[in-house]
Amino acid sequence: MSDPDLVDLRQRVKDGDRDAVDQLVELAGERGDLAELRQLAEDGNADAAAQLVELATELGDLNELRRLADRGDRDAADQLVELAAERADVGELRRLADGGNRDAADVLAELTDEQDEAE
């Protein structure tokens, strides 16, 4: 998509064109454009928020997932727990558990038990 076409698409989004929003979300996902998805998500678009979580997960962008999880995005929190568990990132799991994430607390307990058994 050319720059003028993208400008036109964004204008259609601002004008409330639902089809344009869907197109922009899809395009931003294909382009790996976190900033565009972030803006659309902050404007309240649930599809953009879901695509943002998916893309951040694919990229291993823990900072973006943290930002989203800290703002209450449950899918982002779930992905962050999963990535932290895969990496055995006790610090991240503890941070999430301290923030009230029950899944993180459960994974943290499992990792702690495994470490205790290994010693």
Side-chain angles (χ1 to χ4, degrees):
M1 177 172 276
S2 68
D3 286 342
D5 290 338
L6 188 55
V7 169
D8 179 58
L9 184 60
R10 287 182 180 134
Q11 184 58 51
R12 290 176 40 216
V13 167
K14 285 182 185 177
D15 293 341
D17 182 333
R18 221 24 242 164
D19 290 334
V21 172
D22 292 343
Q23 287 177 323
L24 190 55
V25 168
E26 184 177 339
L27 180 63
E30 289 171 0
R31 294 173 51 203
D33 190 339
L34 289 171
E36 187 91 60
L37 289 169
R38 190 179 304 119
Q39 182 60 53
L40 291 164
E42 288 175 5
D43 290 344
N45 186 285
D47 292 337
Q51 183 67 37
L52 181 58
V53 170
E54 184 178 324
L55 183 58
T57 300
E58 288 173 11
L59 297 173
D61 189 336
L62 297 179
N63 289 330
E64 185 65 23
L65 290 171
R66 278 186 204 106
R67 187 187 75 77
L68 293 166
D70 290 348
R71 295 175 66 125
D73 188 306
R74 182 69 187 159
D75 292 334
D78 290 345
Q79 291 300 320
L80 193 54
V81 169
E82 188 174 317
L83 287 173
E86 288 172 5
R87 297 174 180 190
D89 186 342
V90 173
E92 184 67 33
L93 290 167
R94 185 168 290 121
R95 184 187 79 80
L96 291 164
D98 289 348
N101 187 302
R102 192 73 218 142
D103 293 333
D106 291 344
V107 172
L108 183 60
E110 287 175 24
L111 284 176
T112 303
D113 288 346
E114 289 173 8
Q115 289 175 349
D116 289 346
E117 289 174 9
E119 293 175 1

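The figures that follow rest on heavy atoms only: side chains count, while hydrogens, waters and symmetry mates do not. What you see is a predicted model, and the numbers here were worked out from it, not measured in a lab.
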Would you give the length of the straight line joining atom CZ of R67 to atom CG of L80, rounded to the nearest 0.5 angstrom?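 The CZ atom of R67 sits 13.0 Å away from the CG atom of L80.
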Nearest 0.5 Å, what's the CZ-CG distance between R31 and L55?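 Nearest 0.5 Å value for the CZ-CG distance: 12.0 Å.
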What are the two closest non-hydrogen atoms of [X] and [Y], and how far apart are they?
{"X": "A41", "Y": "A48", "answer": "N-CB, 3.7 Å"}
{"X": "L111", "Y": "A88", "answer": "CD1-CA, 4.0 Å"}
{"X": "A104", "Y": "L96", "answer": "CB-CB, 3.5 Å"}
{"X": "D73", "Y": "D75", "answer": "OD1-N, 3.0 Å"}
{"X": "Q51", "Y": "G29", "answer": "NE2-CA, 3.6 Å"}
{"X": "A69", "Y": "A76", "answer": "N-CB, 3.8 Å"}

What pairs of donor and acceptor atoms, side-chain ones from residues 18-27 against any protein atom, are under 3.5 angstrom apart with sequence neighbours left out?
| unit_1 | atom_1 | unit_2 | atom_2 | d |
| --- | --- | --- | --- | --- |
| R18 | NH2 | D22 | OD1 | 3.4 |
| Q23 | OE1 | R12 | NH2 | 3.4 |

Indicate yes or no: at least one non-hydrogen side-chain atom of [X] is less than 4.5 angstrom from one of [Y].
{"X": "L40", "Y": "L52", "value": "no"}
{"X": "D89", "Y": "L93", "value": "no"}
{"X": "D61", "Y": "R66", "value": "no"}
{"X": "E92", "Y": "L62", "value": "no"}
{"X": "Q39", "Y": "L34", "value": "no"}

Step by step, would you call V53 with E58 a side chain to side chain contact (heavy atoms under 4.5 Å, CB included)? CA-CA 9 Å; V53 170; E58 288 173 11; over 6 Å; no
Once side-chain contact (heavy atoms from CB on, under 4.5 Å) is applied, do any residues pair with A50, and if so which ones, sequence neighbours excluded?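 A50 satisfies side-chain contact (heavy atoms from CB on, under 4.5 Å) with no residue once adjacent residues are dropped.
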Could you pull out all residues at least two apart from A35 that satisfy side-chain contact (heavy atoms from CB on, under 4.5 Å)?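 Per chain and number, A35 pairs via side-chain contact (heavy atoms from CB on, under 4.5 Å) with D33, R38.
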Short N-O contact, D17 and R10, less than 4.0 angstrom: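 The answer is no: the pair does not qualify as a salt bridge.
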Could R94 and D98 be called an ion pair, given the rule that one side-chain N must be under 4.0 Å from one carboxylate O?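 D98 and R94: not salt-bridged.
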Trace of the side chain to side chain contact (heavy atoms under 4.5 Å, CB included) decision for Q11 with V7: CA-CA 6 Å; Q11 184 58 51; V7 169; 5.7 Å; no
